[in-house]
> 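I have a structure I would like to understand better, so I am pasting it below and will then ask my questions one at a time.
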Amino acid sequence: MHLVVRRLPDRRVSVSRLDDTDGLSGAETVDAHDWAAFVARTERAEPSTRWVWDDTAIWYPELLRAGVRVGRCIDLRLCHAILRSSVATASSALATARPGPWDVPVAAPRDTDVGALFALDAEPGGGERDPLAEFAAQRAAVAGATPDARSRLSLLIAAESAGALIAAEMTFAGLPWDAERHDAVLTELLGPRPAPGARPSRMQEALAEVVTALDVTPFSPESPGELLRALQSAGIPATSTRSWELKQFDHPAIAPLLHYKKMARLFTANGWNWLDQWVEDGRFRPTYVPGGVVTGRWASDGGGALQLPHQVRRAVVPDDGWSFVVADAAQLEPRILAALSGDAAMAAAARGVDLYDGMVTAGAVDTRAHAKVAMLGAMYGATTGESGLLLPRLARAYPRAIGFVEAAARAGERGERVSTRLGRSSPVPGRGWRELQELAAGDAATEAIGRRARTEARNWGRFTRNFVVQGSAAEWALCWMASLRTRLTQLADGTPLTESAHLVFFLHDEIVVHSPIEQADRVARLVTESAAEAGRLIFGDAPVDFPVTAAVVSSYDQAK
DNA sequence: GGCATTTGCGCC
DNA sequence: AGGGCGCAAATGCC
């Protein structure tokens with residue numbers, strides 16, 4: 001049962017009911033005051049309802065604030081983006097139409113004030129968005145795909161939309177954050193909080209050491225130019241001020257300088273100012289941006305939520321009487337590649353808990369470290385260095401897996417689109433890229449143009465090579481979370497979201513569930529079950545395991 | 001002065 | 001010459 005909803009100008013919502021064949025079977029209008037109650041009533045009476053709306057980030061926060069949860073939805077904006085560029089729906093009316101009001105590049109405005117839903121005076125797309133017509137166009141696009149693509153796209157649409165619900169719920173719940181412990185971590189590593197504009201004492205000390213060791217007049221290491229001149233004046237032939245380059249030099253100034261840089265990073269990115277700005281009432285509430293990355297990964301907006309350094313994870317602490325269940329998928333991307341390519345040998349190596357160990361046991365590589373660097377290199381397109389050297393051996397042991405990413409790279413080099421397991425396709429390269437390739441192929445091409453064209457082609461090939469793996473892994477993660485969410489909802493048995501176990505953080509292949517202590521072990525099992533279900537949903541009976549490590553902890557840093 | 005780009009580094 | 005991001009501060013430009 002689909003209920004297509006749309007904002008009306010006079011603070012009302014129109015609700016169109018569609019039957020199983022998408023025929024209009026009823027319509028009504030609901031006043032803003034009654035909206036949350038209407039949704040709650042509908043969810044109770046018909047839990048399998050799928051709400052169809054333009055943008056979850058617009059509709060859902062207000063419902064959550066009213067204590068109402070939604071089981072299932074279709075996020076038309078997110079699904080439009082998928083279907084618009086998918087190779088599988090390329091000939092559909094939806095994909096071939098001129099850009100319209102659904103082709104908005106970013107999520108809804110960050111305005112989550114109470115009443116925001118009905119306060120929107122203009123459509124985010126700039127034009128009138130008709131959800132009924134858009135839903136029909138999307139259903140037609142999917143129906144027109146091959147049967148195989150149809151079922152995969154249907155799963156992708158459901159998973160993407162579930163992700164949008166989860167993102168809104170996680171922002172609503174917030175990540176439990178102990179500001180006192182954060183302050184303690186900062187004080188331990190940097191010294192006490194300095195006056196505004198001043199450096200923390202430990203940074204000051206490290207800087208003094210650097211100045212002494214370089215025998216220079218005091219300078220500001222935040223300025224790459226000043227730092228470079230200071231280093232060179234002491235005879236250190238640095239060409240940049242990057243830490244990984246500075247590491248190579250043997251000079252007494254290097255160690256305190258690297259220490260300084262480390263501290264400076266923590267101070268500016270996740271120091272006291274960050275704490276003041278982002279943590280309120282014991283919660284960090286970033287905005288997640290589902291579909292924010294071309295590959296389908298989530299992005300985030302505000303507070304650098306997806307880059308929380310390990311140093312400060314000690315401050316992520318559950319409420320009294322609660323635990324965290326922290327789980328991550330072991331070697332997710334290589335396993336995804338094994339499943340995508342149907343590489344039986346790699347699938348066999350993936351049978352244990354550690355895929356890299358499995359590769360060593362099979363004799364494909366010498367050490368676990370080699371296995372890891374070689375696999376990452378294969379998926380990222382490394383050509384030089386250690387991983388470049390290991391690649392031939394890897395290709396002999398796992399020809400199908402390596403052949404799969406190589407094929408994706410070659411397609412990208414030709415300017416073709418590649419697709420994830422469920423049918424999200426990479427964008428076509430820009431006009432400048434295509435013109436350069438045509439120029440290089442023509443009679444007037446110079447050697448320099450040819451060189452530039454080949455470089456650009458290889459660059460795009462590395463992107464498409466990684467796209468298929470990263471994007472398919474993102475789909476697995478969405479299915480994992482969506483399956484878990486369903487189980488957690490059952491466990492909650494009608495309890496409000498934040499009064500029972502609920503997701504509070506997601507990081508590509510890792511999740512954190514905030515759970516009452518007595519439920520935590522059960523939640524850990526649900527996490528594991530959900531991972532197995534995700535594998536089945538996406539790959540059917542393909543013989544690749546997706547093990548997850550699930551730990552019950554009393555602070556985030558204790559996991560792993 | 002303000003806005004855009006670059007540099008460097010955090011995460012996966 | 002290794003994929004995808006976000007963010008702070010410095011730097012570049014008008």
Side-chain angles (χ1 to χ4, degrees), chain A residues 106 197 199 219-228 238-247 257-258 260-271 273-274 277-278 286-313 328-334 336-337 372-388 390-391 405 408-409 412 418 420 424 426-427 451-452 454-474 476-477 505-511 556 560:
Chain A
V106 288
R199 288 193 179 93
F219 67 100
S220 170
E222 277 79 18
S223 161
E226 278 188 49
L227 177 54
L228 206 55
T239 60
S240 82
T241 62
R242 293 182 180 89
S243 292
W244 63 262
E245 185 186 335
L246 300 181
K247 268 192 195 96
L257 177 56
L258 294 176
Y260 179 92
K261 280 173 158 279
K262 192 85 182 161
M263 288 189 286
R265 169 75 193 186
L266 175 63
F267 179 57
T268 56
N270 296 96
N273 291 342
W274 181 93
Q277 187 179 355
W278 291 107
T287 302
Y288 298 91
V289 188
V293 179
V294 272
T295 58
R297 272 188 176 179
W298 288 12
S300 68
D301 179 13
L306 305 186
Q307 305 136 256
L308 286 182
H310 290 101
Q311 292 164 308
V312 303
R313 295 187 185 185
D328 83 306
Q331 307 95 38
L332 178 59
E333 293 195 345
I336 290 288
L337 176 55
K372 186 173 179 177
V373 74
M375 275 309 299
L376 292 176
M379 292 184 297
Y380 291 161
T383 52
T384 60
E386 194 182 15
S387 86
L390 290 166
L391 191 62
V405 284
V418 297
T420 60
R424 191 190 306 262
S426 65
R451 228 177 4 249
R452 252 187 58 210
R454 279 192 298 277
T455 300
E456 288 297 310
R458 276 196 298 271
N459 288 347
W460 197 259
R462 274 198 300 279
F463 165 59
T464 53
R465 168 199 296 267
N466 188 250
F467 182 95
V468 292
V469 178
Q470 187 185 118
S472 301
W476 183 92
F505 196 56
F506 168 54
L507 193 54
H508 307 313
D509 61 357
E510 179 177 351
I511 55 173
Y556 187 15
K560 219 174 38 166

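Just so it is clear, the model here is predicted, and its values are computed rather than measured. Labels below follow one simple rule: chain letters A, B, ... track the order of the sequence lines, proteins then strands, and each chain is numbered from 1.
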> Atom CZ of A:Arg265 to atom P of B:dT7: distance rounded to whole Å?
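After rounding, the gap between these two atoms is 16 Å.
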> Side chains of A:Tyr260 and A:Glu222: is there a donor and an acceptor less than 3.5 Å apart?
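Yes - a donor-acceptor pair under 3.5 Å links their side chains.
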> What's A:Gly292 touching, base or sugar-phosphate or nothing? Going by heavy atoms closer than 4.0 Å.
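Since no nucleic acid heavy atom lies under 4.0 Å of A:Gly292, the category is nothing.
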> Is A:Thr455 close enough to C:dA1 that one of its side-chain N or O atoms is under 4.0 Å from OP1 or OP2 there?
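Negative; the distance criterion is not met.
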> Do A:Asp328 side-chain atoms and A:Asp509 backbone N/O form a donor-acceptor pair below 3.5 Å?
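A pair under 3.5 Å: no.
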> Is the phosphate of B:dC12 approached by A:His310 (side-chain N or O, under 4.0 Å from OP1 or OP2)?
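For B:dC12, OP1 or OP2 has a side-chain N or O of A:His310 closer than 4.0 Å.
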> For a 4.5 angstrom cut-off between non-hydrogen side-chain atoms, does A:Met379 reach A:Ile336?
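A:Met379 does not reach A:Ile336 side chain to side chain.
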> What contact category does A:Arg462 fall into here, base, sugar-phosphate, or nothing, at under 4.0 angstrom with non-hydrogen atoms?
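It contacts sugar-phosphate atoms only.
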> Closest approach to the side chain of A:Thr383, judged atom by atom: which nucleotide of C:dG6, C:dG2, C:dC5 is it?
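Of the options given, the side chain of A:Thr383 lies nearest C:dG2.
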> Is any side-chain N or O of A:Thr241 closer than 4.0 Å to OP1 or OP2 of B:dG8?
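Yes, such a contact exists.
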> Is the shortest side-chain N/O distance from A:Ser243 to OP1 or OP2 of B:dC9 below 4.0 Å?
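For B:dC9, OP1/OP2 do have a side-chain N/O of A:Ser243 under 4.0 Å.
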> Starting from P on C:dG6, measure out to OH on A:Tyr288 and report it in whole angstrom.
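Nearest whole value for this atom pair: 14 Å.
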> Looking at A:Arg242, does any N or O in its side chain come under 4.0 Å of the phosphate oxygens OP1/OP2 on B:dG8?
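Yes, A:Arg242 has a side-chain N/O under 4.0 Å of OP1/OP2 on B:dG8.
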> How is A:Ser300 classified with respect to the nucleic acid when contacts are heavy atoms under 4.0 Å: base, sugar-phosphate, or nothing?
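The answer is sugar-phosphate, as A:Ser300 gets under 4.0 Å only of primed atoms, P, OP1 or OP2.
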> Check this one for me: any side-chain N or O of A:Lys261 less than 4.0 Å away from OP1 or OP2 of B:dC9?
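Yes, within the criterion.
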> It should be established whether A:Thr268 places a side-chain nitrogen or oxygen under 4.0 Å from OP1 or OP2 of nucleotide C:dC7.
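So the side-chain polar atoms of A:Thr268 never come under 4.0 Å of the phosphate oxygens OP1 or OP2 of C:dC7.
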> Once you round it to whole Å, what is the distance between P of C:dG3 and CZ of A:Arg424?
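It works out to 20 Å between those atoms.
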> Calculate, to the nearest 0.5 Å, the distance between atoms CD and OH belonging to A:Gln470 and A:Tyr380 respectively.
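Going from the CD atom of A:Gln470 to the OH atom of A:Tyr380 covers 7.5 Å.
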> Tell me what A:Glu222 touches on the nucleic acid: a base, only sugar-phosphate, or nothing, going by heavy atoms under 4.0 Å.
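It contacts sugar-phosphate atoms only.
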> Look at the side chain of A:Glu245 and the backbone N and O of A:Ser240, then say whether any donor-acceptor pair between them is shorter than 3.5 Å.
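Judged by distance alone, yes, a pair lies under 3.5 Å.
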> Can you tell which of C:dA1, C:dG4, B:dT7 lies closest to the side chain of A:Val293?
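Of all the options, the side chain of A:Val293 is nearest to C:dG4.
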> From C:dG4, B:dT7, B:dC11, pick the nucleotide closest to the side chain of A:Pro224?
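Nearest to the side chain of A:Pro224 among the choices is B:dT7.
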> Grab the CH2-P distance between A:Trp274 and C:dA9 for me, whole Å please.
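After rounding, the reported distance stands at 15 Å.
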> Select base, sugar-phosphate, or nothing to describe what A:Val294 touches, counting heavy atoms under 4.0 Å on all strands.
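Sugar-phosphate contact only - A:Val294 comes under 4.0 Å of backbone atoms but never of a base.
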> Check step by step if side chain to side chain contact (heavy atoms under 4.5 Å, CB included) holds for A:His508 and A:Leu332.
CA-CA 10 Å; A:His508 307 313; A:Leu332 178 59; over 6 Å; no
> From the list C:dG2, C:dG4, C:dT11, which nucleotide is the closest neighbour of the side chain of A:His508?
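That would be C:dG4.
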> Under 4.0 Å, counting only non-hydrogen atoms across every strand here, what does A:Leu376 touch: a base, just sugar-phosphate, or nothing?
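The answer is base, as A:Leu376 lies within the cut-off (heavy atoms under 4.0 Å) of a base atom.
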> Looking for any heavy atom pair under 4.0 Å, which part of the strands does A:Arg313 touch: base, sugar-phosphate only, or nothing?
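Counting heavy atoms under 4.0 Å across all strands, the contact made by A:Arg313 is with sugar-phosphate only.
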> A:Phe267 CZ to C:dA9 P: how many Å, rounded?
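In whole Å, C:dA9 P lies 8 Å from A:Phe267 CZ.
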> Give a yes/no on whether any side-chain N or O of A:Lys262 is located under 4.0 angstrom from OP1 or OP2 of B:dG10.
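Checking A:Lys262 against B:dG10: at least one side-chain N or O falls below 4.0 Å of OP1 or OP2.
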> If I take atom CH2 in residue A:Trp278 and atom P in nucleotide C:dA8, what distance separates them, rounded to the nearest angstrom?
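Answer to the nearest Å: 8 Å.
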> Applying side chain to side chain contact (heavy atoms under 4.5 Å, CB included) to A:Val312 and A:Leu266, what does each step give before you reach the verdict?
CA-CA 9 Å; A:Val312 303; A:Leu266 175 63; 3.7 Å; yes
> Has A:Tyr380 got its ring stacked on the base of C:dG2, with centres under 5.5 Å and planes less than 30° apart?
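Stacking is absent between C:dG2 and A:Tyr380, given that the ring centres and planes do not meet under 5.5 Å and under 30°.
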> Counting side-chain heavy atoms from CB outward, which of B:dG10, C:dG4, C:dA1 is closest to A:Thr384?
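Closest of the options to the side chain of A:Thr384: C:dA1.
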> Please state how far atom CG in A:Leu507 lies from atom C1' in C:dC5, giving the value in whole angstrom units.
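Computing the A:Leu507:CG to C:dC5:C1' distance gives 11 Å.
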> Starting at atom CG of A:Leu306, determine the distance to atom P of C:dC5, rounded to an integer number of angstrom.
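Atom-to-atom, A:Leu306 to C:dC5, this comes out as 12 Å.
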> Check every atom of C:dC5, C:dA8, C:dG4 against the side chain of A:Arg297 and return the nucleotide holding the closest atom.
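The nucleotide sitting nearest to the side chain is C:dG4.
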